[in-house]
Amino acid sequence: MSGWAGIFCDRACILGEGPAAHPGLGRLYWLDILGKHLCERPFSGGATTLHDLPVMASMVARVDDATLLLGAEDGLYLRDIDSGRMRLLAALEADRPETRSNDGRVHPCGALWLGTMGREAQAGYGAIHWFFRGEVRTLFTGLTIPNAIAFAADGTHAIFADSEAGTIWRVATDPATGLPVGDRKVFVQVPASEGAPDGAVIDAEGLVWNARWGGASLDAYGPDGTRVRSIAMPARQVTCPAFIGPDADTLVVTSATEGLDPDRTDDRFAGRTFTVPVKVKGRFEPVVRVE
């Protein structure tokens, strides 16, 4: 297991999640879900800007150079980057106050998959929804903590996880719509003693990079689900990776302080956002198609 490189952002998030690069602006955006903040920092460094949010949001995607899409506790919002103004684009489980959004990613066709879960991680409350050009469908139900949503570069398959079950599944997808085709199959099973699969990305070479919550590790899996590399991280509760840099060749990983002792003498870097000491052939997520 190789070591870690450094800290991208020293601010400690309660529940850092959902990082996504905006290559047109040269910035990384990510969320502190429980803190109700959208975080923003240039790839090249400098200060991190915190934006207060009126809702609890968990993931961010780019629409264009002026607009972001946020997956939030009651639906999908469009957020104007300059003014910060937000408007509800599509309601999602708005009639279920016991749930909130969680992990999400954009398929190469521009469709969004977004997970929802119980606010107290109630068993079976989780689901994964599909949004494309104004339409919403529910794809999977009966999950507890949906995570690790990611797509192959050619749009032919997806992965997703239930962190509570320790399972990452793989399913074929229609490249034109991002909808699943056929049955899901187990891709990776993480023993509970090693932590739980959290957020993931798939690089241009097909490697799956998965943050292992409770395991202080970023793991890389080959196309057959074999773990080919593990990188030690300086926080136990790492949550989600993303690619940054002009060439998408640098990995960053968010983390969380949720549930930890406030002193954190044995986990003093918890909640920070980290850079990873490997060069990768990453790729930026496509824009989400809202119409």
Side-chain angles (χ1 to χ4, degrees), residues 11-20 29-40 50-61 68-79 84 86-106 111-131 136-150 160-168 196-200 211 213-214 237-242 254-260 270-271 273 285 288 290:
R11 180 185 182 274
C13 291
I14 304 171
L15 183 53
E17 263 286 9
Y29 291 93
W30 69 103
L31 284 305
D32 184 345
I33 299 176
L34 300 180
K36 290 188 177 180
H37 285 124
L38 172 68
C39 308
E40 171 189 349
L50 299 182
H51 305 279
D52 293 330
L53 297 176
V55 290
M56 188 184 295
S58 62
M59 60 79 57
V60 57
L68 301 174
L69 180 142
L70 302 183
E73 56 190 321
D74 58 351
L76 303 176
Y77 286 82
L78 293 178
R79 183 182 187 277
M86 293 174 56
R87 71 175 178 88
L88 184 64
L89 175 66
L92 191 66
E93 296 194 10
D95 59 342
R96 298 190 64 196
E98 70 275 17
T99 66
R100 65 165 176 84
S101 64
N102 201 47
D103 188 58
R105 291 282 180 194
V106 180
L112 172 72
W113 284 26
L114 179 64
T116 54
M117 61 177 284
R119 291 176 187 265
E120 304 300 324
Q122 299 97 316
Y125 277 40
I128 294 177
H129 307 277
W130 170 93
F131 170 85
V136 176
R137 299 185 194 179
T138 300
L139 302 180
F140 303 99
T141 59
L143 306 172
T144 298
I145 306 176
N147 257 316
I149 296 170
F160 67 95
D162 186 341
S163 297
E164 182 66 21
T167 305
I168 304 175
D198 209 302
W213 174 277
Q237 295 179 165
V238 286
T239 55
C240 195
T254 51
S255 69
T257 65
E258 181 187 14
L260 299 179
T273 301
E285 286 189 62
V288 60
V290 300

Measuring only between side-chain heavy atoms, which start at C-beta, is [X] closer than 4.5 Å to [Y]?
| X | Y | result |
| --- | --- | --- |
| Asp198 | Glu17 | yes |
| Asp52 | Leu50 | no |
| Asn147 | Asn102 | yes |
| His51 | His37 | no |
| Trp30 | Cys13 | yes |

Euclidean distance, [Y] [atom2] relative to [X] [atom1], rounded to 0.5 Å:
| X | Y | atom1 | atom2 | value |
| --- | --- | --- | --- | --- |
| Thr254 | Asp32 | OG1 | CG | 10.0 Å |
| Phe140 | Phe160 | CZ | CZ | 4.0 Å |
| Leu89 | Arg87 | CG | CZ | 6.0 Å |
| Leu31 | Leu70 | CG | CG | 6.5 Å |
| Leu53 | Ile33 | CG | CD1 | 11.0 Å |
| Leu92 | Thr99 | CG | OG1 | 8.0 Å |

State which residue, out of Leu112, Leu76, Thr138, fulfils the side-chain contact (heavy atoms from CB on, under 4.5 Å) condition with His129.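 Single pass found, and it is Thr138.
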With side-chain contact (heavy atoms from CB on, under 4.5 Å) as the test, would you mind laying out the steps for Val60 and Arg79 before giving the verdict? CA-CA 10 Å; Val60 57; Arg79 183 182 187 277; over 6 Å; no
Using every non-hydrogen atom in the two residues, find where Pro54 and Lys36 come nearest and quote the distance to one decimal.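 Nearest pair, atom of Pro54 first, then Lys36: O-NZ, 4.4 Å.
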Pair Thr144, Met117 - check side-chain contact (heavy atoms from CB on, under 4.5 Å), show working. CA-CA 6 Å; Thr144 298; Met117 61 177 284; over 6 Å; no
Establish, yes or no, whether the cationic atom of Arg96 lies under 6.0 Å from the six-membered ring centre of Tyr125 and within 45° of the ring axis.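 Pair Arg96/Tyr125 counts as cation-pi.
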